[in-house]
A.B. asks: 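Can you read through this structure? Questions will come right after.
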Protein chains: 2
Amino acid sequence: MTRALQGHPAVRDETRRKVEAAARRLDYRPDHIARALVTRTSSTVGMLIPSSVDSFWGEVAAGIEEAASEANYSVLFANSHSQPERERRMIEVFLAQRVAGIIIAGAAGESASWFCGEEPDVPVVIVNWDAAFPARFVPIVRTGSPQRVLKAVRAATETDASFSQIVFDDLGGAQQVVRHLVSLGHERIAFVGAEPIRPSLLRVLGFRSALLEAGLPLGAIVSSPRSPEGGFQATQDLLTSPPDDLPTAIVAYDDATAIGVIRAVHAHGIDVPGAMSVIGFDDIEMAAFSEPPLTTIRQPRREMGRMAMASILSSIRGESAQRSSVLPGELVLRRSTGPPPGR
Amino acid sequence: MTRALQGHPAVRDETRRKVEAAARRLDYRPDHIARALVTRTSSTVGMLIPSSVDSFWGEVAAGIEEAASEANYSVLFANSHSQPERERRMIEVFLAQRVAGIIIAGAAGESASWFCGEEPDVPVVIVNWDAAFPARFVPIVRTGSPQRVLKAVRAATETDASFSQIVFDDLGGAQQVVRHLVSLGHERIAFVGAEPIRPSLLRVLGFRSALLEAGLPLGAIVSSPRSPEGGFQATQDLLTSPPDDLPTAIVAYDDATAIGVIRAVHAHGIDVPGAMSVIGFDDIEMAAFSEPPLTTIRQPRREMGRMAMASILSSIRGESAQRSSVLPGELVLRRSTGPPPGR
DNA sequence: TCCGGTGGTGTAAACGCTTGCAGGACGCCC
DNA sequence: GGGCGTCCTGCAAGCGTTTACACCACCGGA
């Protein structure tokens with residue numbers, strides 16, 4: 001009987017119709033739970049994001065949910081708050097729920113095996129690996145040979161065969177940003193918001209390499225938490241340099257930091273972008289509404305979510321999907337960048 | 001054997017320990033699916049929000065997830081995009097997943113029976129009912145007797161016995177807002193962003209009643225979509241009034257609209273708050289970062305999420321929970337409001 | 001006429017758990 | 001020492017599906 005409802009080929013039309021009529025009459029709803037029990041896999045995926053309050057992750061989540069919904073999958077959701085222990089715990093819960101796959105966004109765990117012990121029995125995909133590094137990494141990234149640093153960062157977030165990664169091209173994004181500033185004529189460029197997490201290290205690295213490529217000296221690299229307050233404080237410090245050493249442009253780790261940077265620059269009576277260009281990263285919602293609106297690099301957030309879900313689905317179907325995608329950003333020109341003063 | 005792991009009272013400690021050891025050795029993970037099949041209820045709730053990209057709903061979701069996680073519940077998540085049909089479809093999916101309860105945030109459906117046919121077999125709670133009304137409601141709200149309007153709005157989103165509601169006190173919030181402006185000395189106050197949805201109608205009503213209470217004439221009430229663009233356009237129109245009729249303060253439907261309002265006011269060369277006060281609603285993240293930072297009414301978003309989950313849990317436990325909570329907002333004073341010019 | 005094949009339908013086992021019940025071990029009282 | 005109550009443990013049914021397989025009717029070819 002139940003065959004009739006699933007569109008099994010070997011069921012006469014007449015029978016199917018009768019069954020369907022009866023089903024409707026009793027308003028029968030097939031039980032996903034029972035089905036999952038016998039098929040030993042559910043049509044549910046687990047989604048872990050750092051914080052649903054953050055519209056960045058909210059949009060990644062929206063991409064995941066869209067793609068899942070189109071494929072008739074449901075998504076279980078939890079916030080990790082970027083805490084590796086919480087990540088592990090929620091993954092445990094997902095596994096007990098017999099999810100068909102797990103998407104870890106903004107992964108804070110240190111390595112593949114961190115998440116699921118040895119070999120996870122479901123496909124796992126990571127969207128933007130934000131793993132923390134020991135703080136001693138920051139100075140190394142500032143001074144070490146780029147090749148060595150890159151190798152270290154990559155190695156530390158290496159994915160084993162059972163994992164996929166959908167990550168943003170932090171390194172390339174930072175290069176785009178610097179090239180944009182260089183093309184405007186800037187020669188003294190600082191970086192604000194270095195932190196010992198993977199994307200920050202890669203952005204610093206991209207910053208350095210693009211400067212090198214342009215034949216410009218390495219500007220200041222200031223560490224700070226990634227928040228408006230962090231950017232504000234760090235920039236206050238930066239602006240105490242003697243006037244001749246002051247940069248004419250500041251690359252912020254992300255848009256939130258950039259907003260703090262602009263506030264601090266304004267607080268010193270310096271015009272943006274007249275006397276100081278500021279550029280962000282991510283293109284969060286607020287970027288378009290800051291004063292002045294922020295030039296930034298847009299991450300294809302929704303697309304990243306969709307790709308993550310697509311990767312899960314193809315793993316489920318047994319196609320061994322592309323292990324790792326690095327998505328390029330897009331420079332969004334707004335009004336926080338311009339030529340340096342005196343050009 | 002399985003009793004040992006659940007902490008059944010009638011199990012000797014020694015036995016329990018042996019069982020636990022064995023469980024650990026085989027890394028046994030109890031299967032939620034099988035358990036759900038036999039107990040006929042899962043430890044999963046369905047959560048429907050309009051959009052996870054919106055940090056407002058993101059925070060409601062965070063509150064729900066927190067409370068769920070503390071109670072060892074998982075949450076299935078979907079975006080409704082404020083489309084009633086999608087709401088209904090996702091609820092259907094949740095029901096097939098045998099969720100223990102459903103939380104509908106920003107409900108767009110028209111009535112209780114919209115969601116689940118007659119009698120849902122699981123507890124349902126609504127967080128902020130944003131149901132749309134026929135457009136003809138807007139003029140009625142502007143001119144009808146307040147009591148009659150209020151009754152109509154309430155009746156239209158009445159909850160039947162099987163539903164709970166956790167809603168923000170839109171009416172009271174609007175009154176607070178107006179009282180604040182009146183206390184600053186404003187006498188000509190306009191409202192921008194009226195729309196035929198429940199919270200907007202209630203805010204307009206609160207606006208009117210507080211004006212009445214203060215013995216002030218009813219200011220302009222301008223309709224517009226709730227977005228910066230909507231607020232911008234509507235305010236452009238508003239500012240074409242003859243100078244004597246211009247308001248000295250504008251109450252926006254929400255913060256997003258308020259940001260557009262400020263932009264338009266600035267575009268007319270009018271200072272905020274020097275020559276025009278602007279006040280928003282909701283206290284979204286951007287409110288603190290607008291220029292000038294926005295005075296607004298904060299909704300206790302996270303708390304609303306937690307309460308929704310708590311309501312589900314108490315329904316599950318059979319305690320017939322409080323049917324409906326109306327949560328008050330909190331006035332957040334920032335720098336977009338001040339005394340009217342000439343005071 | 002009989003037999004093999006085919007297309008449709010009924011049946012039962014299994015998925016991993018919960019739970020009620022039978023029953024074993026043991027100590028205590030009479 | 002036997003009966004009985006008290007603890008604890010083992011057993012088996014059943015939750016609502018899927019799926020493999022048995023089976024039946026029917027048709028066409030030998």
Side-chain angles (χ1 to χ4, degrees), chain A residues 1-46 71-74 76 91-102 116-117 120-122 316-318, chain B residues 1-46 71-74 76 91-101 116 120-122 316-318:
Chain A
M1 54 162 141
T2 149
R3 255 173 299 219
L5 299 172
Q6 315 288 13
H8 193 99
V11 169
R12 214 180 316 166
D13 273 5
E14 183 200 352
T15 315
R16 186 197 318 284
R17 258 191 299 275
K18 270 200 291 195
V19 173
E20 277 169 356
R24 208 148 337 111
R25 193 147 33 77
L26 306 169
D27 66 78
Y28 165 83
R29 222 191 304 279
D31 186 327
H32 288 206
I33 294 281
R35 182 183 316 207
L37 181 61
V38 51
T39 60
R40 313 187 51 67
T41 177
S42 64
S43 56
T44 299
V45 299
N72 282 314
Y73 273 68
S74 300
L76 274 173
I91 287 170
E92 208 57 37
V93 172
F94 288 160
L95 255 22
Q97 300 265 16
R98 275 216 138 62
V99 292
I102 296 179
C116 314
D121 31 5
V122 300
I316 291 171
R317 292 199 206 90
Chain B
M1 54 164 141
T2 150
R3 254 172 298 217
L5 300 172
Q6 315 288 13
H8 192 99
V11 168
R12 213 181 317 166
D13 273 4
E14 183 198 354
T15 317
R16 188 197 317 284
R17 259 191 298 276
K18 272 200 291 196
V19 173
E20 277 170 357
R24 210 151 333 115
R25 194 148 29 79
L26 306 169
D27 65 79
Y28 166 82
R29 221 191 304 280
D31 186 326
H32 288 205
I33 294 281
R35 182 181 316 201
L37 181 61
V38 49
T39 60
R40 313 187 52 67
T41 176
S42 64
S43 56
T44 299
V45 300
N72 282 314
Y73 273 69
S74 300
L76 274 173
I91 287 169
E92 208 57 39
V93 172
F94 288 160
L95 255 20
Q97 299 266 17
R98 276 216 138 63
V99 292
C116 313
D121 30 6
V122 299
I316 290 172
R317 292 200 206 92

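All chains are named by letter (A, B, ...) in the order of the sequence lines, taking the proteins before the strands, and each is independently numbered beginning at 1.
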A.B. asks: Mind calculating the distance between CZ (Arg98(A)) and P (dG16(D)) to the nearest angstrom?
C.D. replies: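 For the pair Arg98(A) CZ and dG16(D) P, the rounded distance is 19 Å.
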A.B. asks: Could you tell me the separation between the CD1 atom of Ile33(A) and the P atom of dG16(D), rounded to a whole number of Å?
C.D. replies: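 After rounding, the gap between these two atoms is 12 Å.
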A.B. asks: Could you go step by step and tell me if Leu95(A) and Ile102(A) meet the side chain to side chain contact (heavy atoms under 4.5 Å, CB included) rule?
C.D. replies: CA-CA 9 Å; Leu95(A) 255 22; Ile102(A) 296 179; 3.7 Å; yes
A.B. asks: Under 4.0 Å, counting only non-hydrogen atoms across every strand here, what does Arg29(A) touch: a base, just sugar-phosphate, or nothing?
C.D. replies: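 Arg29(A): backbone/sugar contact only, no base atoms under 4.0 Å.
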A.B. asks: What's the CZ-P distance between Arg35(A) and dC17(C), to the nearest Å?
C.D. replies: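 So the CZ-P distance, Arg35(A) to dC17(C), works out to 21 Å.
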A.B. asks: Might you work through the side chain to side chain contact (heavy atoms under 4.5 Å, CB included) test for Arg40(A) and Arg98(A), ending with a clear yes or no?
C.D. replies: CA-CA 8 Å; Arg40(A) 313 187 51 67; Arg98(A) 275 216 138 62; 3.1 Å; yes
A.B. asks: Examine the side chains of Ser74(B) and Gln97(A) and answer whether a donor and an acceptor come within less than 3.5 Å of each other.
C.D. replies: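 Yes, because at least one side-chain N or O of Ser74(B) sits under 3.5 Å from a partner of the opposite role on Gln97(A).
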A.B. asks: Answer yes or no: does a side-chain N or O of Arg40(B) lie under 4.0 Å from OP1 or OP2 of dG16(D)?
C.D. replies: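 Indeed, a polar side-chain atom of Arg40(B) lies that close.
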A.B. asks: Roughly how many Å is it from CG in Leu37(B) to C1' in dT18(C), rounded to a whole number?
C.D. replies: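 Interatomic distance, CG of Leu37(B) to C1' of dT18(C): 10 Å.
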A.B. asks: When rounded to the nearest 0.5 angstrom, what distance separates OG1 in Thr41(B) from CD1 in Ile33(A)?
C.D. replies: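 So the gap between those two atoms works out to 9.0 Å.
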A.B. asks: If I take atom NE2 in residue His32(A) and atom P in nucleotide dG16(D), what distance separates them, rounded to the nearest angstrom?
C.D. replies: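 Those two atoms, NE2 and P, are 15 Å apart.
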